Number of protein chains: 2
Amino acid sequence: MSELSERKKQILAAVVEQYVKTGEPVGSKGLISSTGMSVSSATIRNEMSDLAAMGYLEQPHTSAGRIPSQKGYRYYVDNLMKNREIDEINKRIIEAGISSAVGDPERLIARASEVLADLTKCACVSSTPGGDAVIIRKIELVPVGIHSAMLVLLTSNGILKSRLCRLDCELTVTICEQFYNIVKSCIIGKPASDISVVSMQTVAASVDGDVFAMLPLMAAVCELARSVSDSRLVLGGSSNLFSHKDYGTGAIELLEFLNKREPLSEVISGISEPLNVKIGRENLYRQLENSSVIVAKYSVGGDDSGTIGLIGPTRMDYENIIPSVKYLTNLVGRLITQAIEE
Amino acid sequence: MSELSERKKQILAAVVEQYVKTGEPVGSKGLISSTGMSVSSATIRNEMSDLAAMGYLEQPHTSAGRIPSQKGYRYYVDNLMKNREIDEINKRIIEAGISSAVGDPERLIARASEVLADLTKCACVSSTPGGDAVIIRKIELVPVGIHSAMLVLLTSNGILKSRLCRLDCELTVTICEQFYNIVKSCIIGKPASDISVVSMQTVAASVDGDVFAMLPLMAAVCELARSVSDSRLVLGGSSNLFSHKDYGTGAIELLEFLNKREPLSEVISGISEPLNVKIGRENLYRQLENSSVIVAKYSVGGDDSGTIGLIGPTRMDYENIIPSVKYLTNLVGRLITQAIEE
DNA sequence: TTTAGCACTCTTTTGTCCCGAGTGCTAATC
DNA sequence: GATTAGCACTCGGGACAAAAGAGTGCTAAA
């Protein structure tokens, strides 16, 4: 695979780096002045011409400089990138950014997404920990008035959801007890995705008690359970996309794409390596043809649990961004592991 | 003030409405064909010329049609708009959109903002109920493991905040009791904005008990209290701004402005009427010179409590948007009042 | 194998011209 | 006195051409 001569590699790397920095196609002369190579522009031209023929570079038009092709980016990411450690400054920024949310997994992921998006000027899509098999761990009902109560639901992965609930009739001690009975026997320990209004009703029907009174509570529990599964995806910094001139008006289309949940979850799931880079048309979706997606997994207590994904223009600063993503996912995994252990 | 002849009013209204609809400057002929007025284009030209001289219309350049000036929009909004009732369809959309969040004030505001933003294609900024005098009503501490607990905080305005909290040492019954004692004597009934780490520490110091063990809990309570005051602003649908060609690339700048919290809260606060329309440079901020801001207050239990604000291009469909905002604020006020009454 | 030199290509910019839309004015009409 | 028809005028935008600039590809020499 490594059929490229040393000098070709050096040139390819230089083209990628300069193009990433300036956004302008890079020409033979410009390349010399930026790298300080001691050959003439004609030599560079020959080499670049070779690289173009091999498919690593391409030309917007005859009389322009060269820009990396997708294959070129790919080769760069796989073989040429140096500096695989995170920058000390970025490290600090990340740590400071998430410090306020360390104890709470859901908020941690939200903060992490924002910080990473800010840092990289990309959009960040993350999934909260737990996969599809999130289990309901605890439910609390706290009366706060004659007709209303707060409901709190905690899952095995440390996600906490709460809401107020208003009853049509008075909230008596009896009703509370009945509620807890039902919860204990039919909800605790079940996967969140299994809780539906229908399943609840059949449960309620089979139990003695004031089914009618409890209906709003049951509905609220379902809604909380649903929000656990639904809100697994967190999208941060999507407005950053507008700051890249690469997208032009395409940014709007991309934003619309990101606001659809289903394809997005496909984008950041289903990777096998701990960190995966998909460049341009390597992505399954046409809407991402000018974007690169960097996805990394974090693990909680040793098991893969969720992912953090970055979406930005193909022309992104892989060299700095990849280590940041790597660092953040490790950190997040560690912190969540810590937060949910007993 | 009403120095305009009937025909001038009719023309001004027609210009505003047609320009709002098409985005193109409207000329004398086009105006005739769209209104069906039975005068010649020359007459219209004379009238439009007058209106321009009076400052109600302006010309992008000599040989273009007329567009409303800010003064023209103002006159239109104050005097010419008909149809001050909400459209039945919009009513349905709003009701359906917020139905899932009716019982929970915070989520209700969030949904309301999104629905309104969607409906109007504007950005929506709302404040959660309660003003600055939100009082802590209830705090619950529920152990979920040896070292961790969930903390739930409820305020007088029905805002519920919860998070996980991890302790450095074991969470004993004694610690729970001490915690509740402190909470009961020093936190419940206090304004959320008064709770700070410092005040907590002085409290803790004056109380017998394991101050060190309780520190994480206290910090978490502070953080929750702070998040009650901090997250009072909800911003929805900001990406809608990109769909208006009026803004062009200015949309990016506007978006950046909206992402700053402080000026934004000034924009939607400090109005005296129940519904206020600020057009273009009537706004205090330069960044809003091409935007109009519609702000309406909702009241909970008879008191002004929060506001819902819409931000969109000056060329917006005031005639439909204003009634929608009015309707939504009333509805939200009613629903929150209902949700937090005992 | 590298390099200097030069013709060539293609984009971008600038300038010019022309067309169309719409106005403003004047004189005629109701 | 208000309205209208007619017409000259203005200005922006598109089409087209020429010039400038950047960079290549090729050839021939080192």
Side-chain angles (χ1 to χ4, degrees), chain A residues 3-12 14-19 21-69 72 245-246 248 315, chain B residues 3-12 14-19 21-69 72 245-246 248-249:
Chain A
E3 78 274 16
L4 263 49
S5 72
E6 274 312 310
R7 194 168 62 188
K8 282 200 174 59
K9 287 183 188 175
Q10 193 188 351
I11 291 173
L12 178 53
V15 170
V16 170
E17 277 157 28
Q18 190 170 330
Y19 181 62
K21 207 189 298 174
T22 66
E24 301 293 323
V26 352
S28 49
K29 284 183 195 153
L31 212 161
I32 287 188
S33 69
S34 81
T35 58
M37 291 173 79
S38 54
V39 288
S40 78
S41 65
T43 310
I44 303 286
R45 275 207 291 283
N46 286 330
E47 294 283 46
M48 282 169 93
S49 176
D50 286 356
L51 283 167
M54 288 188 259
Y56 293 104
L57 296 178
E58 51 195 31
Q59 275 180 298
H61 53 266
T62 333
S63 76
R66 298 305 211 299
I67 63 176
S69 67
K245 59 179 177 312
D246 307 65
R315 176 177 83 81
Chain B
E3 78 274 18
L4 265 51
S5 72
E6 272 313 309
R7 194 167 62 187
K8 281 199 175 57
K9 288 183 187 175
Q10 193 187 352
I11 290 173
L12 178 54
V15 171
V16 171
E17 277 158 27
Q18 191 169 330
Y19 181 62
K21 208 190 295 174
T22 66
E24 301 292 323
V26 350
S28 49
K29 284 184 195 152
L31 213 161
I32 289 189
S33 70
S34 82
T35 59
M37 291 173 81
S38 53
V39 290
S40 78
S41 65
T43 310
I44 303 285
R45 274 205 293 283
N46 287 330
E47 294 284 46
M48 283 169 93
S49 177
D50 286 356
L51 283 167
M54 288 188 258
Y56 293 105
L57 296 179
E58 51 195 32
Q59 274 180 298
H61 52 266
T62 334
S63 75
R66 299 305 211 298
I67 64 176
S69 67
K245 57 180 179 313
D246 307 65
T249 60

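Keep in mind that what you see is a predicted model, and the values were worked out from it rather than measured. Below, read A as the first sequence line, B as the second, and so on, with proteins coming before strands; counting in each chain starts at 1.
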Decide whether A:Ser34 and A:Gln18 meet the rule of one side-chain donor and one side-chain acceptor closer than 3.5 Å. yes

For B:Gly27 and B:Met48, the nearest pair of non-hydrogen atoms, with its separation, is C-CE, 4.5 Å

Find the distance between OG (A:Ser5) and CD (A:Glu47) and round it off to the nearest 0.5 Å. 5.0 Å

A:Lys8, NZ atom: more than 12 neighbouring heavy atoms under 6.0 Å: yes

Comparing B:Pro60 and B:Glu47 on DNA chain D - which has the more 5′ nearest nucleotide: B:Glu47

B:Ile32 CD1 to D:dT4 P, in whole Å, measures 8 Å

Rounded to the nearest 0.5 Å, the CZ atom of A:Arg7 sits from the OG1 atom of A:Thr43 at a distance of 6.0 Å

Strictly under 4.0 angstrom, non-hydrogen atoms only: write out the protein contact profile of nucleotides 18-30 of chain D, one letter per nucleotide from the 5' end, B, S or -. ----BSBB-----

Any side-chain to backbone donor/acceptor pair from A:Arg315 onto A:Tyr19? Under 3.5 Å, distance only. yes

Rounded distance in Å - NE2 (B:His61) to P (D:dC11): 9 Å

Atom CD of B:Glu58 and atom P of D:dC11: how far apart are they, to the nearest Å? 17 Å

Grab the CG-P distance between B:Asp50 and D:dT3 for me, whole Å please. 11 Å

